[in-house]
Amino acid sequence: MKTPGRFFAFAAASLLAAANAGTAAAGEGALDDAFLDREIKRTQPDFVVYRPFAAAGHDDHGNEHFHVFHVRNALCALWTQSAYEGTFTQRPVFSRSFDGGKTWSAPKCILRDPIDPKTGRNMGSWAAAAVSKSGRIYVLYAKHLGDGTDHETGKMHVLCSDDLGETWSPEAPFAQPHDPRYDLDTPAKPVSLFPWQNAYRLSDGSVLMALSHNYKNPAANPEPRKYWPEAPGACEFMRFDNVDADPAPADLKATYFARNEKGLHAPLFTDPSRPSGEEPAVVELPDGRLMCVFRACEGHVWYSVSADKGETWRPCEMLRYRDGGAGVEHPYSPSPMFRTAENEYVLFTHNSTGRCGGPRPRTDGNWRNPLYLLKGEFRPGAHQPVWFSEPKKIMDNGGVKIKRMDLAMYADLTVEPEGPVFWYPDRKFFLLGKKLAPLLKDMRVPRND
């Protein structure tokens, strides 16, 4: 299980001093073990799930879309690994821990078909899991067809494991609805409709997965985008129909909700008539409703609420600290939200609009750093059902570059005996974990009584 020098846990007390030992940015050729050993400590993690190799010849320097979840007696980790995001090396990998996250097995690629390095054919990206009551793990991911489309596009496929990821079934296509108004011109071409978080089991036992739908049909985006965040899209949802019956991957079924124009979106900053919404995070409220926050290209987190388990949603709004309060500022980046207790939630933001004084949300430099934590509490009778504390800065990697410098939170959370643990990528390179209980204990949320 243990691999010396690569999979280990850190004691928190020694981290910050070592991280501050040097701050020079690393160029593409500057990676070495001493540099990585210093940089892995910069965000003061309590756990290390994966530390890439420093030496040349390894295609493991891209690690993102990071999921950590309990299955039976194990903590399981699933993520998309690559030489670097966007290259034809992306594949879903799986790792396990049997000691509460202190040590992790070496990650294994769960795909069977070899990836064509010239076209990307068979490449697998943006994997996420749904777990049945028996513990069968289904993994859905985007399989690239080698057809010249970008690395974000692929046909959804699914496979499963009954032994905590030791072995995996053959894959099967997973049916997705096609709409010619929004998707590429024929049903044979991929629909860009994928999850970024694992499926969410609701209190009634149903299993919901939130999806990002990127509109790839040029007719849905008539004005050429001037930079990449201007691509239109919305957040949609599907409910698994038979996951707890443990069907074969080819027989796994789902029902889709909030499709296309009914999906969750905010106005695009540069053109309010066009929709912008992706990477939805869903939490269940104590009264049984659902709340969903999502990434927008507007400068704030946006949200909506559903009273029918995700089938319909009320009009989307800017997320505020409380009813009538200031908006929760956030650039064009993931803003995950999780339920940590019956009445408590956490939200992660960068605490800025990302515009940095300019006319557009920023998409270069150190705009996804540092990271802030907001504590949330349910407020019965309020219009916005969860209110938030003031933001607390919890990590900063100093903008030191390891191919990239951002703290984009393609992240997850589990509740352990010592409290919630936040599992996150640092610079889409290291995969780490941080205990939140010490950070949350002095955070106060406004009351509405």
Side-chain angles (χ1 to χ4, degrees), residues 40 42-50 62-69 77-81 85 125-128 194-198 200 210 212 229 235 277-283 291-303 319 328-340 345-354 361-363 365-376 388 391-399 402-415 420-436 439-440:
I40 201 170
R42 188 168 292 280
T43 58
Q44 303 181 67
D46 297 297
F47 302 94
V48 172
V49 179
Y50 190 71
N63 297 285
E64 57 182 315
H65 279 254
F66 183 32
H67 311 288
V68 179
F69 50 102
L78 169 72
W79 70 92
T80 296
Q81 186 173 82
E85 181 182 5
S125 307
W126 327 136
F194 304 114
W196 80 284
Q197 288 190 327
N198 281 347
Y200 193 97
S212 297
C235 304
E278 60 183 329
E279 294 168 357
V282 176
V283 296
M291 182 174 177
C292 177
V293 300
F294 61 94
R295 162 177 166 170
C297 187
E298 183 273 335
H300 297 84
V301 182
W302 280 61
Y303 84 102
L319 188 71
V328 177
E329 293 185 349
H330 189 64
Y332 191 62
S333 189
S335 54
M337 181 175 174
F338 304 97
R339 189 177 187 177
T340 55
Y345 303 83
V346 290
L347 175 73
F348 297 87
T349 78
H350 297 303
N351 196 33
S352 76
T353 63
R362 188 170 175 178
T363 57
N366 199 23
W367 58 290
R368 286 174 164 174
N369 189 59
L371 187 72
Y372 291 79
L373 170 67
L374 283 65
K375 180 180 180 180
F388 295 95
K392 174 185 283 190
K393 182 178 173 180
I394 63 167
M395 64 179 75
D396 188 338
N397 62 27
I402 310 178
K403 295 197 172 184
R404 60 194 310 153
M405 62 181 71
D406 57 299
L407 285 171
M409 286 296 107
Y410 294 91
D412 213 333
L413 181 142
T414 62
V415 178
V421 175
F422 184 51
W423 306 96
Y424 64 97
D426 176 11
R427 289 163 274 192
K428 293 190 179 181
F429 188 84
F430 304 116
L431 299 181
L432 309 170
K434 182 182 285 289
K435 297 178 182 179
L436 296 184
L439 301 169
L440 291 167

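Hydrogens, waters and symmetry mates are skipped; everything else that's a heavy atom, side chains included, is used. Computed from a predicted structure; not experimentally measured. Sequence positions, counted from 1, serve as the residue numbers for this chain.
Note: Met409 CE to Asp412 CG = 12.0 Å, rounded to the nearest 0.5 Å. For the atom pair CG (Asn397) and CG (Asn369), the distance works out to 4.0 Å, reported to the nearest 0.5 Å. To the nearest 0.5 angstrom, Phe338 atom CZ is 13.5 Å from Tyr345 atom OH. A distance of 12.5 Å separates CE in Met291 from CZ in Arg339, rounded to the nearest 0.5 Å. Atom CE of residue Met405 and atom NZ of residue Lys403 lie 14.5 Å apart, to the nearest 0.5 angstrom. Taken from CD in Glu64 to CG in Leu431, the straight-line distance is 10.0 Å, to the nearest 0.5 Å.
Using a 4.5 Å cut-off on side-chain heavy atoms (C-beta onward), Phe422 and Leu371 make contact. For the pair Lys428/Asp406, a side-chain contact is recorded, criterion being any heavy-atom separation below 4.5 Å from C-beta on. Contact check for Trp302 versus Leu319: no side-chain heavy atoms found under the 4.5 Å cut-off. Using a 4.5 Å heavy-atom threshold, the side chains of Ile402 and Phe430 count as touching.
Between Val282 and Tyr200, the closest heavy-atom pair is O-CE1, 3.2 Å. Looking at every heavy atom in both residues, Gln197 comes nearest to Ala411 through NE2-O, 4.2 Å. Gly399 and Asn366 make their closest contact through CA-ND2, 3.6 Å (heavy atoms, listed as atom of the first residue, atom of the second, distance). Across every non-hydrogen atom of Pro420 and Leu440, the tightest pair is CG-CD1, 4.1 Å. When all heavy atoms of Gly376 and Phe388 are compared, the pair lying nearest together is CA-CD2, 3.7 Å. Of all heavy-atom pairs between His300 and Ala296, the closest is O-CB, 4.2 Å.
With hydrogens and angles ignored, the 3.5 Å screen pairs a side-chain donor or acceptor of Lys392 with a backbone N or O of Leu439. Asn63 places a side-chain N or O within donor-acceptor distance of the main-chain N or O of Phe429, the cut-off being under 3.5 Å. Distance alone, capped at 3.5 Å, is enough to place a donor-acceptor pair between the Lys434 side chain and the Gln44 backbone. Side-chain atoms of Asp426 do not come within 3.5 Å of backbone N or O of Ile40 as any donor-acceptor pair. Formation of a donor-acceptor pair under 3.5 Å by the Ser333 side chain with backbone atoms of Ala408 is not found in this model.
For the residue pair Thr43 and Tyr424, a side-chain donor N or O sits within less than 3.5 Å of a side-chain acceptor on the partner. A donor-acceptor contact closer than 3.5 angstrom is absent between the side chains of Ser212 and Trp196.
Each of Leu347, Val346, Val301 was compared with Leu374 under the side-chain contact (heavy atoms from CB on, under 4.5 Å) criterion, and only Leu347 meets it. The side-chain hydrogen bond (donor to acceptor under 3.5 Å, both in side chains) test with Tyr332 singles out one residue from Glu278, Arg368, Glu298, His350, and that residue is Glu278.
Taking the six-membered ring where the residue is Trp, Tyr50 and Trp79 present tilted rings, their angle falling between 30° and 60°. Relative orientation of the Trp423 and Phe66 rings is perpendicular, given thresholds of 30° and 60° on the angle between their planes.
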Do Val421 and Asp46 pass the side-chain contact (heavy atoms from CB on, under 4.5 Å) test, and can you show the C-alpha distance, the side-chain angles, and the key distance before you say yes or no? CA-CA 9 Å; Val421 175; Asp46 297 297; over 6 Å; no
Using the side-chain contact (heavy atoms from CB on, under 4.5 Å) rule, take Phe69 and Leu78 through it: C-alpha gap first, then chi angles, then the decisive distance, then the call. CA-CA 9 Å; Phe69 50 102; Leu78 169 72; 4.2 Å; yes
